[in-house]
Amino acid sequence: MRQNQSPYSKCFYGLAVLLLFILESCSVNRQMAGKVNGLFKNSVALNDHLVGFALADLDNGQVIYEKNADKYFVAASNTKLFTFYAGLKLIPDSIPSLRYIEKGDSLIFWGTGDPSFFQRRLKGVQAANFLKNSHKQLFFSPGRYTGNFYGPGWAWDDYNDYYQAEITELPLMDNLIEAKNTNGKLSIVPIVFTDSFKVDSLSAEKAFYAVRKFNQNRFNYPAVTMAANYDQFIPYKTSTATTVRLLNDTLHVPVQVLHMEMPASAKSIYNLKSEEVLREMLQPSDNFIAEQLMLVYANQLQGPLNATAVIQFVQEKYLAGLPNKPRWVDGSGLSRMNLFSPADMIAILRMIDKEVNNREKLFGMLPAGGKSGTLKSTYPKTDHPFIFGKTGSLSGVYNQSGYVLTKKGRVLVFSFMNNNFVGPAADSRKEMVKIMTYIHEKF
């Protein structure tokens with residue numbers, strides 16, 4: 001007759017199985033680390049500049065391979081992962097678009113930095129409709145934003161480029177003007193800027209291209225023929241007067257200026273769901289949305305609209321346990337002053353995964369290799385992507401940080417950072433795709 005196993009025997013058997021699993025897992029990870037190390041060692045393109053890499057298991061956090069993972073790198077738009085995480089914490093549901101009070105026959109409102117207010121792709125109109133339908137005298141009260149029109153360390157000579165719109169407390173239409181060829185004629189949106197565009201007969205430029213005066217909304221273009229597909233987005237110079245002018249034009253109701261400190265009791269009008277706005281920041285890597293969201297986060301803290309204060313708050317409250325304390329200065333990553341380590345990146349990616357708590361939803365918000373966003377053309381076209389993450393690029397900088405799915409069913413988190421190369425970014429990008437594809441296929 002078979003005797004019953006003692007509790008000690010069952011416990012010993014369970015521990016033995018667990019130990020065997022751990023040893024097998026460690027063996028696989030060591031093999032993976034060795035193979036990946038060989039790829040880095042033999043890559044000519046990755047050995048002429050500073051490269052950082054970190055790879056870990058998303059579920060248990062076990063680090064598989066590191067290369068300069070504790071070194072600081074210019075993050076470029078990988079910074080948006082930190083902006084994303086801050087949004088998950090501070091605006092989990094919807095975007096507050098305006099704060100307001102009603103006094104008699106007057107409605108006084110303040111901006112929150114909401115990037116969706118008449119934004120071209122998001123088309124947030126709930127706050128605008130609220131103002132249009134109020135039937136009260138409208139007063140815009142400026143002064144909540146306490147920063148500069150650019151973030152710390154931004155390149156001032158990029159002022160005419162679409163990706164560097166100015167930061168304001170009440171942005172309208174991305175803080176951009178669209179100039180385009182419409183049936184052979186130059187059309188301008190918003191139309192209030194039409195008279196600000198003039199021909200520069202002295203320009204020697206051979207291609208049609210409009211350039212703004214740095215501190216003025218005066219735009220010049222050369223006396224040459226427009227290309228049929230000409231379509232240019234140019235940041236306009238922001239000011240309270242320009243904001244009010246645009247409000248009057250878009251709302252079709254009079255708006256006046258009233259300088260008044262916002263009371264803590266001011267109510268909020270919400271525009272769009274946070275998920276929609278965060279996705280629109282991540283997929284095309286929209287700098288404007290990222291920077292304006294930092295002001296929206298500041299609004300949630302009930303203080304002045306100031307990105308520096310938000311960053312300090314988020315770092316102290318939520319990010320104190322990061323492996324390497326980052327230098328984080330803006331929301332978009334336009335500044336080269338942003339410095340993060342690959343170890344920080346995989347840490348924030350694990351925190352994002354935990355906060356969203358739905359990988360299908362999370363991966364749908366991020367660019368997907370070969371399918372969507374800034375990773376669409378980086379990896380071969382596919383309906384079954386295996387890379388989900390953020391790119392980051394500046395001159396001499398190209399990074400990818402995100403999640404990789406392996407053919408054996410593992411979900412890994414990675415950060416691949418390249419700084420200080422002088423050749424084309426395509427060389428580094430090609431090697432990154434080679435290594436990440438190898439990890440997907442072999443493990």
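The first residue in the sequence is number 1, and the count goes up from there.
Closest approach of P235 and Q164 over heavy atoms only: CG-O, 3.8 Å. Taking all atoms of both residues into account, the shortest heavy-atom contact from L176 to R120 is O-NH2, 3.1 Å. Nearest heavy atom pair, residue M432 against residue Q400, reads CE-N, 3.5 Å. When every heavy atom of T83 is checked against every heavy atom of W328, the shortest pair comes out as N-CZ2, 4.0 Å. Residues P152 and V329 come closest through the heavy atom pair CD-O, 3.8 Å. Closest non-hydrogen pair, D330 versus T79, comes out as O-CG2, 3.5 Å.
The pair D59-R359 counts as a salt bridge, with a side-chain nitrogen and a carboxylate oxygen less than 4.0 angstrom apart.
At a threshold of 4.5 Å between non-hydrogen side-chain atoms, the residues K80 and N287 count as touching. In this structure the side chain of V397 reaches within 4.5 angstrom of the side chain of R336, judged on heavy atoms. Looking only at side-chain heavy atoms (C-beta outward), L293 and I91 come within less than 4.5 Å of each other. Counting only heavy atoms from C-beta outward, the side chains of T250 and P190 never approach each other to under 4.5 Å. Inter-residue side-chain proximity for M281 and L278 is flagged as met; some heavy-atom pair is nearer than 4.5 Å. Residues F388 and L362 fail the side-chain proximity criterion, which asks for heavy atoms closer than 4.5 Å. No side-chain heavy atom of P342 sits less than 4.5 Å from a side-chain heavy atom of K67. Proximity of Y163 to L334: side-chain heavy atoms (C-beta onward) are separated by under 4.5 Å at one or more points.
Side-chain atoms of T112 and N299 form no donor-acceptor pair, as typed in the model, at a separation below 3.5 Å. A side-chain donor-acceptor contact under 3.5 Å links Q119 and D174. If you check the side chains of S285 and K390, you find a donor sitting under 3.5 Å from an acceptor. At a cut-off of 3.5 Å, with distance as the only test, no side-chain donor of S335 or N338 sits close to an acceptor on the other residue.
Environment of CG in N42: crowded, with over 12 heavy atoms of neighbouring residues, nucleotides or ligands closer than 6.0 Å. Within a 6.0 Å sphere centred on CD of E205, other residues, nucleotides and ligands contribute 12 heavy atoms or fewer. Around the CD atom of Q216, the shell of radius 6.0 Å holds more than 12 heavy atoms that belong to other residues, nucleotides or ligands. Surrounding NZ of K35 are at most 12 heavy atoms belonging to other residues, nucleotides or ligands under 6.0 Å away.
If you look at F197 and F219, their ring centroids are closer than 6.0 Å. Note: F82 and F340 meet the aromatic proximity criterion, with ring centroids under 6.0 Å apart. Ring to ring, F109 and F130 are not that close: their centroids are 6.0 angstrom or more apart.
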Verify side chain to side chain donor-acceptor pair (under 3.5 Å) between N37 and Y65, making sure each step is shown before the conclusion. CA-CA 8 Å; N37 185 62; Y65 180 75; 2.9 Å; yes

Could you walk me through whether T374 and T391 satisfy the side chain to side chain donor-acceptor pair (under 3.5 Å) test, starting with their C-alpha distance in whole Å, then the side-chain angles of each, then the deciding distance to 0.1 Å, before giving a yes or no? CA-CA 7 Å; T374 54; T391 57; 2.9 Å; yes

Pair N78, N399 - check side chain to side chain donor-acceptor pair (under 3.5 Å), show working. CA-CA 7 Å; N78 275 199; N399 309 316; 4.6 Å; no

Using the side chain to side chain donor-acceptor pair (under 3.5 Å) rule, take T146 and N306 through it: C-alpha gap first, then chi angles, then the decisive distance, then the call. CA-CA 6 Å; T146 59; N306 184 288; 3.0 Å; yes

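K237 forms a cation-pi arrangement with F149, by the criterion of a distance under 6.0 Å to the ring centre and an angle within 45° of the ring axis.
Note: I439 CD1 to L405 CG = 12.5 Å, rounded to the nearest 0.5 Å. Atom-to-atom distance recorded for K371:NZ and K376:NZ is 10.5 Å, nearest 0.5 angstrom.
N29 contributes no side-chain N or O that, together with a main-chain N or O of I64, makes up a donor-acceptor pair within less than 3.5 Å. The closest donor-acceptor contact from the side chain of S372 to the backbone of A368 lies under 3.5 Å.
Using cut-offs of 30° and 60° on the angle between ring planes, the pair Y150 and W156 is perpendicular. Classification of the Y221-F208 ring pair by plane angle, with boundaries at 30° and 60°, yields tilted.
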